[in-house]
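All values derive from a computational prediction rather than experimental measurement.
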Amino acid sequence: MKPPQLLRSSQILLLQYSYRGCTSQFNPLRSVSPSDLKRGAGGRSSFSGIVCTLFGATGFLGRYVANKLGKIGTQLIIPYRGDSSEVLRLKLVGDLGQVLFQHYNLKDEDSIYKCVKYSNVVINLIGRDWETKNYKFQDVHVEGASRIARIAKKACVDTLIHVSSLNVDPFPIPYMMTGGSSWLISKYDGEAAVLEEFPDAIIFRPSDIYGQEDRFLRYYCSGWRHNHKWMPLYKSGTETEKQPVYVSDVAAGIVAACRDRKCRGKIFQAVGPRRYLLSELVDWFHRLILKADDWGFMRYDLRYDPLFKMRITLLPKLTTGAPLGNLHWERVEREAHSDKVDEKLGTLEDLGVQLTCMEDQVPWELSRTYKAYVYAERELMELIETPLPQTIPIKKKNEFHNLE
């Protein structure tokens with residue numbers, strides 16, 4: 001054996017501990033991978049071997065992903081900007097010492113490197129539905145995503161997951177805006193930038209996501225989206241097909257991709273199990289909240305309503321923060337796009353996720369928030385049967401060659 005003075009400091013430390021134990025032989029670890037340090041039988045009090053940096057954890061989808069990662073014993077590093085009180089509730093997703101917070105700036109590479117240098121998994125959920133004076137779509141979806149991917153590669157991160165969007169296209173069809181949706185264009189460019197920096201990145205393309213505090217169900221039930229009791233939609237919503245997905249299913253798919261090495265370098269489409277016309281969905285939402293025919297609800301074509309177009313233009317200018325009711329031109333433009341599902345790409349079902357049907361979840365989501373006459377339900381003890389929305393047949397793929 002070499003004299004201790006010729007050994008590295010780490011070997012000297014291991015020798016010291018070995019002399020204190022039951023053996024005097026030098027037994028180094030076979031590797032320094034965090035997976036060799038797994039402890040526990042699973043659960044929040046265990047350690048799964050995954051050290052994950054979760055960008056965008058304070059967002060709608062991020063809270064669900066953080067909870068599911070903490071549930072399997074993941075050590076979470078949660079970057080945040082702004083006030084630290086915004087992320088304190090995420091402390092509960094893991095056991096003591098498992099959830100760590102790190103302040104960062106998306107335009108500061110040093111702060112990003114501090115967030116990812118100890119991780120073997122990095123998940124990027126950062127995105128914006130509207131532009132601000134400090135962050136445009138290009139800054140967040142393209143340059144920010146590319147910066148995170150480049151630094152993750154520099155830090156030797158094993159797995160990078162980037163959440164994009166369904167219907168991304170460099171030349172989207174324009175419906176209500178000249179040139180089409182710049183949001184969809186930036187999402188497409190962001191995917192290309194991430195894959196250029198990190199070729200093995202996993203891309204998720206979710207459809208409209210619904211759940212607690214979402215911007216889908218509550219968007220169509222909001223008073224700002226209505227014109228009094230009427231609902232303006234592009235071509236009344238009769239030519240737009242949607243395949244919404246439950247937020248917990250998307251989070252489960254992301255967690256499954258973290259643990260499966262075969263998923264690296266692949267694209268997954270996060271869509272629901274059933275497909276609907278937007279007109280059917282909006283009518284069903286209003287039937288659930290008891291604001292259908294008797295209330296005076298009616299759909300009509302948005303293209304022929306100049307007053308509502310003026311509202312879409314003026315509302316975002318009246319506030320310095322989020323647009324009232326999430327009503328702005330980018331959102332109206334995107335809702336006119338039908339969901340395009342590529343049969344050659346994977347879905348959440350290929351990751352082993354059992355999808356939730358809207359008919360089983362949406363009635364509960366809307367039952368106490370927007371439902372009319374709730375105060376009289378218990379007194380009258382009335383059970384109102386709500387007709388379910390009609391679905392559109394989905395062409396099932398025979399095989400999926402991308403996950404062999």
Side-chain angles (χ1 to χ4, degrees), residues 31-35 37 47-59 61-62 65-66 68-70 72 74-81 87 90 98-128 135 137-165 168 186-206 250-251 253-268 270 351:
S31 69
V32 293
S33 174
S35 60
L37 306 176
F47 178 55
S48 63
I50 299 177
V51 181
C52 176
T53 299
L54 181 59
F55 289 95
T58 57
L61 176 59
V65 175
K68 287 190 176 293
L69 284 173
I72 64 173
T74 303
Q75 187 174 59
L76 282 170
I77 300 171
I78 298 180
Y80 70 96
R81 65 187 185 93
V87 295
L90 295 175
Q98 289 291 84
V99 184
L100 309 173
F101 301 105
Q102 176 68 41
H103 194 275
Y104 87 109
N105 189 311
L106 189 59
K107 299 178 181 179
D108 184 4
E109 296 191 2
D110 292 336
S111 65
I112 295 176
Y113 183 77
K114 290 180 181 178
C115 297
V116 305
K117 64 179 181 179
Y118 297 114
S119 302
N120 52 16
V121 175
V122 172
I123 302 175
N124 180 20
L125 303 176
I126 300 176
R128 290 213 63 89
Y135 288 96
F137 291 146
Q138 183 75 14
D139 299 330
V140 179
H141 299 158
V142 184
E143 296 177 6
S146 175
R147 191 175 296 115
I148 291 175
R150 181 174 65 257
I151 296 174
K153 191 70 174 179
K154 177 183 177 182
C156 299
V157 172
D158 295 333
T159 303
L160 172 66
I161 297 179
H162 174 73
V163 178
S164 181
S165 173
V168 293
S186 65
K187 283 289 188 177
Y188 178 88
D189 294 339
E191 286 187 12
V194 167
L195 292 176
E196 182 179 357
E197 299 289 348
F198 203 113
D200 290 336
I202 304 171
I203 306 294
F204 274 84
R205 294 176 177 175
V250 181
I254 293 175
V255 173
C258 290
R259 311 176 76 176
D260 191 352
R261 294 177 179 271
K262 296 180 181 179
C263 296
R264 295 178 183 176
K266 294 179 173 58
I267 299 176
F268 295 94
L351 293 168

> Look at atom NZ of K153 and say whether more than 12 heavy atoms of other residues, nucleotides or ligands are closer to it than 6.0 Å.
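It does: K153 NZ has more than 12 such atoms within range.
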> What closest approach, in Å, do C263 and A257 show between heavy atoms, and which atom pair accounts for it?
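Of all heavy-atom pairs spanning C263 and A257, the closest is SG-CA, 4.2 Å.
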> Please identify each residue that fulfils ring-ring contact (aromatic ring centres under 6.0 Å, His included) with Y104, with sequence neighbours left out.
F55
> For F198, what residues pass the ring-ring contact (aromatic ring centres under 6.0 Å, His included) criterion, not counting sequence neighbours?
none
> Closest approach of I77 and S119, non-hydrogen atoms and distance?
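For I77 and S119, the tightest heavy-atom pair comes out as CD1-OG, 3.6 Å.
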> Rounded to the nearest 0.5 Å, what separation is found between the CG atom of N105 and the CZ atom of R81?
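The CG atom of N105 sits 8.0 Å away from the CZ atom of R81.
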> Which atoms form the tightest heavy-atom contact between V194 and A201, and what is the distance?
CG1-CB, 3.8 Å
> Got I254 and L61 here, is their nearest side-chain heavy-atom distance under 4.5 Å?
yes
> Using the test side-chain hydrogen bond (donor to acceptor under 3.5 Å, both in side chains), find all partners of T74 that sit at least two apart in sequence or belong to another chain.
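Testing T74 for side-chain hydrogen bond (donor to acceptor under 3.5 Å, both in side chains), a comparison that skips the adjacent residues, returns none.
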> So for atom CZ, which belongs to R259, do other residues, nucleotides or ligands contribute more than 12 heavy atoms lying within a distance under 6.0 Å?
no
> Just how far is it from atom CG of L69 to atom CD1 of I123, taken to the nearest 0.5 Å?
5.0 Å
> How close do A193 and S146 get, counting heavy atoms only, and between which atoms?
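Scanning both residues completely, I find the closest heavy atoms to be CB-CB, 3.7 Å.
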> Can you tell me how far apart CD1 (I202) and CD1 (I161) are? Round to the nearest 0.5 Å.
4.5 Å
> Do Y80 and H103 have their ring centres less than 6.0 Å from each other?
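Yes, ring centres under 6.0 Å apart.
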> Rounded to the nearest 0.5 Å, how far does CG of L160 lie from CG of N120?
12.5 Å
> Between H162 and I148, does a side-chain contact (heavy atoms from CB on, under 4.5 Å) hold up when you go through it step by step?
CA-CA 10 Å; H162 174 73; I148 291 175; over 6 Å; no
> Kindly check if the number of other-residue, nucleotide or ligand heavy atoms within 6.0 Å of NZ (K107) is above 12?
yes
> Report the residues that fulfil salt bridge (charged side-chain N to carboxylate O under 4.0 Å, His left out) with E143, sequence neighbours left out, ordered by chain and then residue number.
none
> According to side-chain hydrogen bond (donor to acceptor under 3.5 Å, both in side chains), does anything in residues 196-206 pair up with another residue at least two apart or in another chain? List the pairs.
E191-R205
> What is the distance from atom CZ of F47 to atom CD1 of I72, rounded to the nearest 0.5 Å?
10.5 Å
> Once you round to the nearest 0.5 Å, how far does CZ of R147 lie from CG of D139?
8.5 Å
> Could you report the tightest heavy-atom contact between V168 and S165, atom names first, then the distance?
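So the minimum-distance heavy-atom pair works out to CG1-O, 3.0 Å.
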> Kindly determine whether I203 and L195 satisfy side-chain contact (heavy atoms from CB on, under 4.5 Å), including the steps that lead there.
CA-CA 9 Å; I203 306 294; L195 292 176; 4.3 Å; yes
> Looking at residues at least two apart in the chain, or sitting in another chain, which of them share a ring-ring contact (aromatic ring centres under 6.0 Å, His included) with Y188?
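Partners of Y188 under the ring-ring contact (aromatic ring centres under 6.0 Å, His included) test: none.
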> Using the rule given for side-chain contact (heavy atoms from CB on, under 4.5 Å), can you reason through I126 versus Y135, listing the C-alpha separation, both sets of side-chain angles and the distance that settles it, and then say yes or no?
CA-CA 12 Å; I126 300 176; Y135 288 96; over 6 Å; no
> Are the side chain of N124 and the backbone of G144 linked by a donor-acceptor contact shorter than 3.5 Å?
no
> State, to 0.1 Å, how close A66 and L90 come at their nearest heavy-atom pair, and which atoms those are.
CB-CD2, 4.4 Å
> Is there a donor-acceptor pair closer than 3.5 Å between any side-chain N or O of H141 and the backbone N or O of S164?
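Judged by distance alone, no pair lies under 3.5 Å.
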